[in-house]
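For reference, the structure discussed in these notes is given below.
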Amino acid sequence: KLKEFIIYFRKDNEINKSPLNYSGSKDELLPTIFKYLPKHVGTFVDAMGGAFNVGANVFATDKVIYNEYNPYIFGIVEMLINNDKEKIINEVTEVVEKFGLEKKNKDAYLSLRDHYNYEEPTPLNLFTLHIYAFQNIIRFNSSQKMNTPVGNNEFSEGIKERIRKFKIKSPKFELRLGKYEELVIEDFPKDTVFYFDPPYFITNAEYNDGKRGLDGWDADKESALLKFLLSIHQKGYKFMLSNVIEHKGKKHNLLIKWINTHKFNLYDIGETGIKYPRREVLITNYEIFEKY
């Protein structure tokens with residue numbers, strides 16, 4: 001006898017937020033961002049990966065590549081991805097208990113910060129520090145010593161749950177430590193989408209003010225990124241860029257001119273920020289409803 005079956009698949013639309021609270025993360029805008037991805041994504045390159053909120057939640061049929069130039073951030077993400085979740089939670093708990101970390105406990109926090117800076121500079125200790133740091137900021141001085149003051153946070157059940165849920169949705173993944181300029185575009189399949197989320201040139205934040213002991217972000221770096229994106233376009237690949245067009249009445253004229261000159265697509269994806277709202281946008285070099 002012939003037996004017929006109906007097989008259906010339920011798409012996983014749940015957003016698994018990264019446990020790393022990193023400035024500029026796109027977790028709240030992910031559903032909107034995903035609306036503007038091509039219908040088919042073979043390889044997805046999160047070229048300025050940060051906390052890895054975007055790439056980890058994208059489903060690419062081949063693989064997702066996390067690329068991050070900041071070795072401290074890369075080390076934390078690598079730890080969160082490659083280690084057993086309960087093991088991470090237990091080890092962070094041990095650090096919290098060992099140093100007596102609590103909300104606003106400056107002495108305990110500084111004790112761990114000194115331990116990290118001068119004795120044991122591990123991703124685990126830095127991740128724990130960032131949980132208790134002011135606004136979860138990870139910032140370094142010119143001597144590469146973490147110097148963020150204590151904050152009003154703690155290792156909560158919410159963070160533990162985010163550690164447990166954080167995973168990469170694509171079947172394969174690759175973690176790369178390096179600058180986006182080092183990506184050799186021609187080495188990737190033609191169905192690759194390159195996603196860029198740079199520090200926002202017309203806003204001020206700890207990740208682009210040049211005070212982290214690493215590279216800052218200025219007009220020259222913004223221009224270099226736009227030139228790199230144009231090269232991706234000219235080589236026949238797809239890119240998606242997150243950015244801000246307007247903030248505190250200031251317009252990003254360099255970006256606006258670049259979009260208009262090359263006739264790229266500009267999509268408003270809403271305002272973020274309460275006190276000083278900024279107009280978030282996506283720029284792509286492809287049409288959304290492409291036919292494959």
Side-chain angles (χ1 to χ4, degrees), residues 9-31 33-34 43-46 48-68 70-103 105 108-109 112-113 115-116 120-133 135-138 146 148 151-177 195 197:
F9 299 87
R10 180 179 296 167
K11 191 172 181 180
D12 180 8
N13 290 318
E14 183 179 3
I15 300 299
N16 297 315
K17 185 176 179 180
S18 172
L20 175 59
N21 289 320
Y22 195 52
S23 294
S25 291
K26 291 292 178 293
D27 50 283
E28 295 181 1
L29 297 173
L30 286 180
I33 290 174
F34 293 159
T43 299
F44 185 86
V45 180
D46 201 343
M48 305 171 91
F52 203 22
N53 275 302
V54 178
N57 283 285
V58 167
F59 183 81
T61 56
D62 183 14
K63 67 178 177 179
V64 161
I65 296 171
Y66 169 79
N67 188 81
E68 172 58 40
N70 185 323
Y72 305 106
I73 301 303
F74 180 87
I76 292 175
V77 170
E78 186 179 43
M79 176 192 73
L80 293 170
I81 292 295
N82 289 335
N83 289 276
D84 178 79
K85 309 300 186 183
E86 294 303 324
K87 181 174 181 288
I88 294 172
I89 292 171
N90 291 337
E91 289 181 344
V92 172
T93 301
E94 288 177 5
V95 174
V96 170
E97 293 176 350
K98 177 180 177 180
F99 288 88
L101 297 174
E102 298 173 321
K103 286 184 178 182
N105 188 332
Y109 173 81
L112 174 59
R113 198 177 74 178
H115 180 74
Y116 169 79
E120 197 177 4
T122 63
L124 178 74
N125 283 336
L126 182 58
F127 176 68
T128 308
L129 265 178
H130 117 283
I131 293 172
Y132 289 85
Q135 295 184 352
N136 304 123
I137 293 172
I138 296 177
M146 205 276 202
T148 314
N152 185 29
N153 311 294
E154 63 182 348
F155 190 40
S156 64
E157 290 302 318
I159 297 176
K160 294 175 185 177
E161 193 60 20
R162 279 162 55 185
I163 293 173
R164 293 186 180 102
K165 288 185 174 182
F166 190 51
K167 63 179 181 179
I168 298 173
K169 291 187 177 182
S170 294
K172 293 188 290 184
F173 68 90
E174 182 180 339
L175 307 179
R176 286 184 175 182
L177 173 62
Y195 173 72
D197 181 25

- request: May I have the step-by-step check of side-chain contact (heavy atoms from CB on, under 4.5 Å) for E68 and R176, ending in yes or no?
  value: CA-CA 7 Å; E68 172 58 40; R176 286 184 175 182; over 6 Å; no

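- You'll find the side chain of I65 stays beyond 4.5 Å of the side chain of F44, heavy atoms only.
- Under the 3.5 Å distance criterion, the side-chain polar atoms of N70 are left unmatched by any main-chain donor or acceptor of G50.
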task: Could you check Y132 against Y109 for ring pair (Phe, Tyr, Trp, His ring centres under 6.0 Å), going step by step and ending with a plain yes or no?
output: CA-CA 7 Å; Y132 289 85; Y109 173 81; 7.7 Å; no

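- Side-chain atoms of N152 do not come within 3.5 Å of backbone N or O of K103 as any donor-acceptor pair.
- Taken from CG in L80 to CG in L20, the straight-line distance is 7.0 Å, to the nearest 0.5 Å.
- Side-chain atoms of E154 never come within 3.5 Å of backbone atoms of S156 as a donor-acceptor pair (strictly under, hydrogens ignored).
- With hydrogens and angles disregarded, no donor-acceptor distance shorter than 3.5 Å links the side chain of K169 to the backbone of A60.
- Between G75 and P123 the shortest heavy-atom distance is O-CB, 3.6 Å.
- A distance of 9.5 Å separates OG1 of T43 from CD of E174, quoted to the nearest 0.5 Å.
- Here the closest non-hydrogen pair linking F155 and I89 is CE2-O, 3.8 Å.
- We find the CZ-OH distance between F173 and Y66 to be 12.5 Å, quoted to the nearest 0.5 Å.
- Here CE of M48 is found 9.0 Å from CG of N67. Values are rounded to the nearest 0.5 Å.
- The closest donor-acceptor contact from the side chain of T148 to the backbone of I137 lies under 3.5 Å.
- To the nearest 0.5 Å, atom CG of residue N57 and atom OG of residue S18 are 9.5 Å apart.
- Because its NZ or CZ atom is not both nearer than 6.0 Å to the ring centre of F166 and within 45° of the ring axis, K85 does not count as a cation-pi partner of that residue.
- The side-chain heavy atoms of I33 and Y195, taken from C-beta on, include a pair separated by under 4.5 Å.
- Under a 3.5 Å cut-off, the side chain of N136 and the backbone N or O of I131 do form a donor-acceptor pair.
- Counting only distance, with no hydrogens or angles, the side chain of S170 and the backbone of V58 share a donor-acceptor pair below 3.5 Å.
- For the pair K165 and E14, the salt-bridge criterion is met [side-chain N within less than 4.0 Å of a carboxylate O].
- Under the rule for a side-chain hydrogen bond (donor to acceptor under 3.5 Å, both in side chains), N16 has no partner lying at least two apart in sequence or in another chain.
- Distance alone, capped at 3.5 Å, is enough to place a donor-acceptor pair between the N83 side chain and the M79 backbone.
- Between F34 and V54, the shortest heavy-atom contact is CZ-O, 4.0 Å.
- Not a single donor-acceptor pair under 3.5 Å links the side chain of D197 to the backbone N or O of K26.
- Scanning all heavy atoms of the two residues, the minimum distance from L129 to Y116 falls at CD1-CB, 3.8 Å.
- Taken from CD1 in I88 to OG1 in T128, the straight-line distance is 10.5 Å, to the nearest 0.5 Å.
- For residues 91-101, every residue pair satisfying the salt bridge (Lys or Arg N to Asp or Glu O under 4.0 Å) rule, not counting sequence neighbours, is listed here: K87-E91.
- No donor-acceptor distance shorter than 3.5 angstrom exists from the side chain of N105 to the backbone of L101, with no hydrogens or angles considered.
- A donor-acceptor pair shorter than 3.5 Å can be found between the side chains of N21 and R162.
- Looking at heavy atoms from C-beta onward, F59 lies in side-chain contact with P171 at the 4.5 angstrom threshold.
- Residues D46 and F52 approach most closely at OD2-CD1, 3.7 Å, considering heavy atoms.
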